[in-house]
Amino acid sequence: MGSPSPLLPRHDGSAMVVGGPTTVLDLGGLRIVSDPTFDAPGPHGYLTKTEGPAVTGERLADVGLVLVSHDNHADNFDDSGRAFALAAPLLLTTTGGAKRLGGPAKGLAAWDTHGLGRPDGGLLTVTAVPAVHGPEDGERDPEGEVNCQVVGFVLAGEGLPTVYVSGDNASIGTVAEIARRIPGIDAAVLHAGAARVPGKFRERPVSLDGVRAAAAAAVLGTPVNIPAHYTGWAHFTEGRDAIEHAFDDAGLTSLLAIADHGTWLSLKP
Ligand SMILES: [Zn+2]
């Protein structure tokens, strides 16, 4: 038996993309994990995972909150990610997802909020925000959602950077609405990668591409923009180079915070 891997030390005020969409956010003494995916590479139904996580779920000790933008797709919520999420004390997700998942899951509709006590004594307020998981004119499901119900999240609290986690969203109009309703967001975790699924929406992207990620950064006016959801799955059609190129084309490289997965990035401007 090998010795257990060391726990990942806390790094307050920072975020780390672990792989795929999965991001760790250490804020106010809370460890938060969004869209947990920790499976090894391999097929997941119609999707194929091509890369494992930079950090295993076992190393992320004492997680206080898991955010799931949608539980419907394996690239945002794979098998070990599901087990990890259901073991957390609190899981915030869509209203439909909460019904499916049970346990620690609480459903939030867009603009609903949930307050959480922080180990440092303050309060963390999580606001669910809308997300459109495909082109604006994409086919709607019976609930009126493009692709499926998805929520993003804005995390805020006194003394903390305000952080937007987009979830799978392809709509700049939606980003603009969030920027209008919640001014002063400091950092954004943007699901990029231009995910395209065969047979769906004529293979148009269901997440931001690099150009739209740069546009989202401009619309939000966020000094720190951390792309996620651009490696690790075969249906992601843009990687780090395309994102860097798009921010450079827009003259916004100074707003881009990108590094190898498993690297801490400061959320503070
Ligand atoms: Zn999805």
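Just so you know, residue 1 is the first one in the sequence shown, and it goes up from there. Counting convention: from 1, in listed order, for ligands and their atoms alike.
Rounded to 10°, the angle that NE2 of His133 and NE2 of His70 form at the Zn ion (ligand 1) is 100°.
Side-chain heavy-atom separations under 4.5 angstrom define the hydrophobic clusters, and the remaining members of the one that includes Val68 are Leu8, Met16, Val18, Val24, Val33, Phe38, Val55, Leu60, Val63, Val66, Phe77, Phe84, Leu86, Leu91, Leu101, Trp264.
Atom ND1 is the N/O/S atom of His73 found closest to the Zn ion (ligand 1).
Residue pairs that meet the salt bridge (Lys or Arg N to Asp or Glu O under 4.0 Å) test with at least one member in residues 33-55, sequence neighbours left out, are Lys49-Asp78.
Residues His44 and His73 place their aromatic rings such that the two centres sit no closer than 6.0 Å.
Salt-bridge annotation for Asp79 and Arg82: absent, with no side-chain N of the basic residue lying under 4.0 Å from a carboxylate O of the acidic one.
Taking backbone and side chain together, Cys148 holds no N, O or S atom under 2.8 Å from the Zn ion (ligand 1).
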